[in-house]
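In what follows, a single structure is set out as structure tokens and then discussed.
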Number of protein chains: 2
Amino acid sequence: MPNWTLHRGDALTLLPTLDTLVDAVICDPPYNSGGRTNADRRAQGARDKYVSSDAAHTLPDFDGDTRDQRGYTHWLGLVLANTYRLTRSGGSALVFTDWAQLPATSDALQAAGWTWRGIIPWRKPISRPVKDGFRRECEYVLWGSRGAPLRHAPTIYLPGWLEGSQPRGKTRVHITQKPVAVMRQLVRIAPEGGTVLDPCAGSGTTGVAALQEGLHFIGIEQSPTCATSAEGRLAAA
Amino acid sequence: MPNWTLHRGDALTLLPTLDTLVDAVICDPPYNSGGRTNADRRAQGARDKYVSSDAAHTLPDFDGDTRDQRGYTHWLGLVLANTYRLTRSGGSALVFTDWAQLPATSDALQAAGWTWRGIIPWRKPISRPVKDGFRRECEYVLWGSRGAPLRHAPTIYLPGWLEGSQPRGKTRVHITQKPVAVMRQLVRIAPEGGTVLDPCAGSGTTGVAALQEGLHFIGIEQSPTCATSAEGRLAAA
DNA sequence: CCGGGCGGTGAATCGGCCC
DNA sequence: CGGGCCGATTCACCGCCCG
């Protein structure tokens with residue numbers, strides 16, 4: 001029976017106090033990328049940047065989305081270095097990013113010691129059209145490993161791209177919530193019975209997917225509101 | 001009736017001598033990314049890196065695939081800066097890259113003066129599975145613009161995701177040849193009756209797509225073998 | 001219970017106005 | 001003149017309602 005733990009608080013404060021070794025780190029940080037100017041990025045909350053001005057839902061805003069690109073790279077590098085320490089040799093990191101922060105994310109991943117292994121695009125069928133230009137309908141997952149990637153037994157083959165829309169309606173509790181089906185593909189990078197760590201757990205989708213795949217889960221979430229709904233979802237899973 | 005020109009020679013030598021203004025630059029440079037180490041990358045020709053050792057075809061090798069990452073960024077930045085000079089305000093650049101060179105390519109694009117506008121993944125359904133890991137089945141097109149992107153009349157909406165396998169069999173004349181259907185989507189970023197420039201024309205697929213979409217085409221190709229087959233394909237289109 | 005139709009939305013972006 | 005703020009915009013897709 002897989003088990004789970006959710007720590008409440010700041011990732012950079014809590015990670016140094018942990019000592020359980022894990023097999024995979026899956027992280028969906030605030031991208032810090034909305035807005036055209038640095039002032040836009042720093043001044044607004046995530047809701048103002050990422051949610052349509054006429055959206056009817058009342059999902060809560062989230063913190064930690066006010067860094068400029070250098071600050072973001074540095075912060076993410078620290079988080080990833082702390083998770084690297086907790087990861088077994090052969091373990092993997094999977095980090096979400098949008099197109100604009102992809103190069104910064106690859107810098108942070110490699111600065112933290114991970115070997116960069118690839119990009120897995122995530123295609124979102126419900127996305128805004130762009131007038132006179134190419135639609136921006138993908139987010140991206142960067143894959144890194146600690147040393148040579150683990151050999152699985154039996155051998156597994158994971159997809160090179162993902163597809164899935166954000167949950168809608170009453171199952172949605174977070175502005176940037178990921179579909180469980182997408183996360184279930186990703187957590188399979190951990191070996192059978194392994195442990196997955198998510199330092200930016202949000203609404204806990206990574207944990208739900210891990211439990212469904214028979215993996216243990218350790219999460220960290222700063223926002224009390226998110227942590228509470230994550231605990232509910234994890235307990236139900 | 002759209003017309004085309006193909007210059008034979010090195011892009012960095014020829015670009016400064018051109019003075020026709022263009023609406024879009026589409027470029028598929030040698031990625032310089034095969035091999036695990038810098039020594040691997042520099043020692044081999046493109047054929048050894050990108051083609052299976054048991055491949056049955058005998059397509060010619062290509063030059064310009066022996067730079068390390070710093071050299072690649074610098075070279076690509078020079079090419080893109082020279083094409084920037086020839087591009088009308090509001091025009092676009094579309095640059096192909098694989099996952100490993102994506103950050104370097106975004107650096108070069110922006111260093112050359114272009115505003116980075118997004119990433120369009122290109123999925124190649126025929127790709128090798130990765131043992132115990134995520135398949136690498138996408139390449140990426142980086143979109144940049146010179147100033148604010150041109151307003152089209154009528155307004156167009158271009159895709160954020162491309163699919164198409166590399167040509168096989170006797171229609172394939174180049175190791176890294178792109179499908180015409182994919183290139184036709186991309187050249188549409190140029191306005192009706194506009195001109196497309198490809199400084200690394202290869203087998204001329206960009207030009208074929210441009211002509212089919214009613215656009216003019218200017219290409220540059222270094223390899224005499226490739227240039228000859230490109231001329232054949234362009235004349236037929 | 002199933003199918004068709006309708007209404008709402010998106011990890012924004014852009015133009016324009018005001019200070 | 002530059003920066004900040006406001007509101008209009010776009011359509012494929014998904015969920016829900018109703019027949």
Side-chain angles (χ1 to χ4, degrees), chain A residues 26-69 72 76 94-102 104-105 120-142 162-183 200-203 205-206 223 226, chain B residues 89-90 92 115-121 143-145 147-161 163 185:
Chain A
I26 301 188
C27 181
D28 179 24
Y31 298 165
N32 289 274
S33 71
R36 266 178 307 182
T37 64
N38 273 341
D40 275 354
R41 278 187 282 277
R42 287 193 307 268
Q44 306 174 322
R47 222 190 117 89
D48 294 328
K49 289 193 291 191
Y50 302 134
V51 178
S52 293
S53 51
D54 59 349
H57 67 73
T58 53
L59 298 174
D61 212 338
F62 60 82
D63 290 335
D65 207 65
T66 54
R67 298 177 184 92
D68 70 10
Q69 197 167 45
Y72 179 69
L76 185 57
L94 297 171
V95 188
F96 278 82
T97 180
D98 69 354
W99 68 271
Q101 297 286 42
L102 197 159
T105 305
I120 307 127
W122 167 37
R123 186 177 179 203
K124 300 177 291 182
I126 308 180
S127 53
R128 281 189 173 76
V130 172
K131 207 172 193 169
D132 298 320
F134 297 94
R135 202 174 179 112
R136 284 170 273 252
E137 69 184 69
C138 292
E139 291 182 32
Y140 301 90
V141 183
L142 268 59
L162 303 166
E163 181 153 15
S165 291
Q166 206 182 47
R168 309 179 89 172
K170 57 174 171 275
T171 58
R172 183 174 171 207
V173 295
H174 193 275
I175 298 180
T176 66
Q177 191 169 332
K178 304 288 175 283
V180 176
V182 164
M183 299 307 300
C200 311
S203 54
T205 309
T206 306
S223 148
C226 284
Chain B
S89 178
S92 285
T115 303
W116 187 21
R117 299 257 161 215
I119 302 174
I120 307 125
W143 175 31
S145 69
L150 194 74
R151 297 289 82 170
H152 287 243
T155 297
I156 56 166
Y157 296 90
L158 298 171
W161 176 262
E163 292 209 19
Q185 297 288 324

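Proteins get letters first, then strands, A, B, ... in listed order; numbering begins at 1 in each.
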Nucleotide [N], atom [atom2] - distance to [atom1] of [X] in whole Å:
| X | N | atom1 | atom2 | value |
| --- | --- | --- | --- | --- |
| H152(B) | dC14(C) | NE2 | P | 13 Å |
| D98(A) | dT13(C) | CG | C1' | 14 Å |
| R151(B) | dT13(C) | CZ | P | 13 Å |
| E139(A) | dA12(C) | CD | C1' | 12 Å |
| M183(A) | dA11(C) | CE | P | 15 Å |
| I119(B) | dA12(C) | CD1 | C1' | 16 Å |
| W99(A) | dA12(C) | CH2 | C1' | 11 Å |
| L150(B) | dC14(C) | CG | C1' | 15 Å |

Think R123(A) has a side-chain N or O under 4.0 angstrom from the OP1 or OP2 of dG10(C)?
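No, no such contact exists.
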Phosphate OP1/OP2 of dA11(C) contacted by K124(A) side-chain N/O (<4.0 Å)
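For dA11(C), OP1/OP2 do have a side-chain N/O of K124(A) under 4.0 Å.
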Its dot-bracket string being built from Watson-Crick and G-U pairs below 3.5 Å, with | for another strand and [ ] for crossing, DNA chain C has the pattern .|||||||||.||||||||
If stacking means aromatic ring centre less than 5.5 angstrom from the base's six-membered ring centre, planes under 30°, is Y50(A) stacked on dA12(C)?
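Base of dA12(C): not stacked against Y50(A).
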How is P29(A) classified with respect to the nucleic acid when contacts are heavy atoms under 4.0 Å: base, sugar-phosphate, or nothing?
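Since a base atom lies under 4.0 Å of P29(A), the category is base.
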Under 4.0 Å, heavy atoms only, any strand: does Y140(A) hit a base, just the sugar-phosphate, or nothing?
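The answer is nothing, as Y140(A) stays clear of every strand by at least 4.0 Å.
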Below 4.0 angstrom, which residues in residues 125-135 of chain A have at least one non-hydrogen atom near DNA chain D?
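Output list: P125(A), I126(A), P129(A), K131(A), R135(A).
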When you measure from every atom of DNA chain D, which of residues 163-178 of chain A have a heavy atom less than 4.0 Å away?
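Within residues 163-178 of chain A, the residues near DNA chain D are S165(A), R168(A).
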What about D28(A), does its side chain sit under 3.5 Å from the base of dA11(C) through a donor-acceptor pair?
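Answer yes: a donor N or O sits under 3.5 Å from an acceptor.
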Between the side chains of S127(A) and R135(A), does any donor sit under 3.5 Å from an acceptor?
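Indeed, the side chains of S127(A) and R135(A) share at least one donor-acceptor pair under 3.5 Å.
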Any chance the side chains of Q177(A) and Q166(A) put a donor and an acceptor closer than 3.5 Å?
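No, Q166(A) and Q177(A) have no side-chain donor paired with an acceptor closer than 3.5 Å.
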Roughly how far, to the nearest 0.5 Å, is [atom2] of [Y] from [atom1] of [X]?
| X | Y | atom1 | atom2 | answer |
| --- | --- | --- | --- | --- |
| L142(A) | L94(A) | CG | CG | 9.5 Å |
| E139(A) | R123(A) | CD | CZ | 14.0 Å |
| W143(B) | W116(B) | CH2 | CH2 | 13.0 Å |
| D65(A) | T176(A) | CG | OG1 | 9.0 Å |
| W99(A) | T105(A) | CH2 | OG1 | 12.5 Å |
| I120(A) | F96(A) | CD1 | CZ | 8.5 Å |

Between dA11(C) and dG7(D), how many Å separate the two P atoms, rounded to a whole number?
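About 22 Å, rounded to a whole number of Å.
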Please measure how far the C1' atom in dA8(D) lies from the corresponding atom in dG10(C), and state the result in whole Å.
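Result for the C1' pair: 15 Å, nearest Å.
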Which nucleotide sits closest to the side chain of Y157(B): dC14(C), dT10(D), dA11(C)?
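Looking only at side-chain atoms, Y157(B) lies closest to dT10(D).
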Using ring-ring contact (aromatic ring centres under 6.0 Å, His included) as the criterion, list what pairs up with H152(B), not counting sequence neighbours.
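Partners of H152(B) under the ring-ring contact (aromatic ring centres under 6.0 Å, His included) test: none.
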T115(B): side chain to side chain contact (heavy atoms under 4.5 Å, CB included) partners, not counting sequence neighbours:
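Only R117(B), S145(B) meet the side chain to side chain contact (heavy atoms under 4.5 Å, CB included) criterion with T115(B).
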Set of residues satisfying side chain to side chain contact (heavy atoms under 4.5 Å, CB included) with respect to L59(A), sequence neighbours excluded
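Testing L59(A) for side chain to side chain contact (heavy atoms under 4.5 Å, CB included), a comparison that skips the adjacent residues, returns H57(A), R172(A), I175(A).
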Candidates D98(A), L102(A), T97(A) - the one meeting side chain to side chain contact (heavy atoms under 4.5 Å, CB included) with S33(A):
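With S33(A) as partner, D98(A), L102(A), T97(A) yield a single side chain to side chain contact (heavy atoms under 4.5 Å, CB included), made by D98(A).
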